[in-house]
Amino acid sequence: MEPGSRMNNINFSFFSYEPNEKRVDNVISTTIPSLYIPGEDIDNSLNERMFSLIGGLDFVKLKFAAAEESLRKQWKTSGNIQLIPLGKGFFIIKLANEVDMKYIWNGFWKVEDQILKLRLWEPNFNLANQKSTTAFVWVNFPGLGIEYWKESILMSLGDAIGRDIKVDETTLKREISYYTSVLIEVDLANNVPHHVLVTTKYGCFEKEIQIPKIPGFCSHFKVMGHLVTECRMMRKENL
């Protein structure tokens, strides 16, 4: 989901289907079996997953069954939920309606010591093309006026940068007046902004963004764990 787009304003037109396979028109092959799938069948299948999300957790030391049990205990939804493992730490969260979808998307969910990563489900989701490029970071807004220290406003500020998760408890209690802090899931494959433009009926202003701790990310290979200046594979390529 692109930064700045609220879950409340989702346009479900992203379910228009565009196959990622190469089309072969007016060619009859004698070696490759072929078939035609009616558009109605594809559309029905897409509609079944209209309110689905894709979750992400590290299952190296965590069992999928344990993660499912923990999440089901946390979630209070009006409709049925189905969790479908995909592999490589990804799983589909199939939901029955838009209300439940927004509820889970906008929530803060933990399984043991891990925060649940979320993204919108999309057609042709290919595990082979997936790389972990998102991270949870605390984002500070130094010098923000006290009149903006409202949870809904701070969450909107966070949503302009990535997927807002929660506001720091110290911020909500107004115990420190120098800066506010919001936990945000950001995509390091995109440029993380240094400022955000805030507009109200009283005018607009530009607010600085500070991220005290950000994980290392190789912008060349789009992987986390090291900086591009430390990338051994890139050095090998250059050699």
Side-chain angles (χ1 to χ4, degrees), residues 1-7 53-62 67 70-71 74 88-90 104-120 130-146 148-198 205-235:
M1 185 173 186
E2 295 298 328
S5 55
R6 296 293 296 174
M7 172 60 80
L53 298 169
I54 292 180
L57 290 168
D58 184 358
F59 289 113
V60 174
K61 296 182 179 180
L62 176 66
S70 174
L71 291 172
Q74 296 179 63
K88 293 188 175 181
F90 293 100
I104 291 179
W105 177 270
N106 292 320
F108 172 64
W109 318 109
K110 289 190 69 175
V111 179
E112 295 184 359
D113 60 343
Q114 296 187 51
I115 302 175
L116 176 65
K117 291 185 176 183
L118 289 173
R119 58 181 293 176
L120 296 177
Q130 303 306 314
K131 294 182 179 179
S132 180
T133 61
T134 63
F136 296 100
V137 297
W138 285 101
V139 177
N140 298 337
F141 300 94
L144 185 67
I146 197 71
Y148 301 104
W149 288 41
K150 184 177 176 62
E151 186 174 14
S152 59
I153 295 176
L154 295 174
M155 293 289 276
S156 295
L157 283 171
D159 197 55
I161 303 165
R163 185 175 74 92
D164 54 282
I165 305 297
K166 68 171 184 176
V167 180
D168 177 51
E169 291 295 329
T170 302
T171 298
L172 291 177
K173 295 176 182 177
R174 295 174 171 81
E175 294 178 349
I176 299 177
S177 61
Y178 174 65
Y179 65 82
T180 56
S181 189
V182 182
L183 183 64
I184 302 172
E185 183 180 8
V186 296
D187 190 347
L188 300 178
N190 300 324
N191 291 327
V192 180
H194 299 289
H195 296 81
V196 60
L197 183 64
V198 180
F205 61 91
E206 197 173 90
K207 174 47 56 184
E208 178 188 1
I209 296 170
Q210 293 180 351
I211 305 179
K213 295 181 180 180
I214 191 165
F217 181 75
C218 178
S219 57
H220 181 73
F221 288 103
K222 307 298 181 183
V223 294
M224 296 177 60
H226 62 271
L227 300 174
V228 67
T229 54
E230 304 167 341
C231 184
R232 296 179 181 178
M233 292 300 296
M234 190 173 179
R235 291 176 189 170

List in chain and number order the residues that pass side-chain contact (heavy atoms from CB on, under 4.5 Å) with [X], two or more places apart in sequence or in another chain; answer none if no residue qualifies.
X: Ile211; result: Val137, Val139, Val192, Ile209, Ile214
X: Ser181; result: Trp138, Asn140, Asp168, Thr171, Tyr179
X: His194; result: none
X: Glu112; result: Leu62

inquiry  = To the closest 0.5 Å, what do you measure between CH2 (Trp109) and CG (Leu71)?
reply    = 9.0 Å
inquiry  = Can you tell me how far apart NZ (Lys166) and CD1 (Ile184) are? Round to the nearest 0.5 Å.
reply    = 13.0 Å
key: Lys207 side chain to Pro142 backbone, donor-acceptor under 3.5 Å   = yes
query = Any donor-acceptor pair under 3.5 Å linking the side chain of Trp149 with the backbone of Thr180?
reply = no
Which atom names give the shortest non-hydrogen contact between [X] and [Y], and what distance separates them?
X: Ser70; Y: Lys110; answer: OG-O, 3.9 Å
X: Lys117; Y: Thr134; answer: NZ-O, 2.8 Å
X: Val167; Y: Glu151; answer: CG2-CG, 4.0 Å
X: Gly55; Y: Leu118; answer: CA-CD2, 4.1 Å
X: Asp164; Y: Gly158; answer: CB-C, 4.1 Å
X: Arg163; Y: Asp159; answer: CA-OD1, 4.4 Å

So do [Y] and [X] actually touch side chain to side chain, heavy atoms under 4.5 Å?
X: Val198; Y: Leu157; result: yes
X: Gln210; Y: Glu208; result: yes
X: Phe141; Y: Val196; result: yes
X: Leu116; Y: Val111; result: no

query = Quick one: ring-ring contact (aromatic ring centres under 6.0 Å, His included) partners of Phe136, sequence neighbours excluded?
reply = none
remark   = Residues passing the ring-ring contact (aromatic ring centres under 6.0 Å, His included) test with Phe108, sequence neighbours excluded, are none
request  = For side chain to side chain contact (heavy atoms under 4.5 Å, CB included), just list the numbers for Leu120 and Ile54, CA-CA rounded to whole Å, side-chain angles, deciding distance to a tenth of an Å, and then say yes or no.
outcome  = CA-CA 6 Å; Leu120 296 177; Ile54 292 180; over 6 Å; no
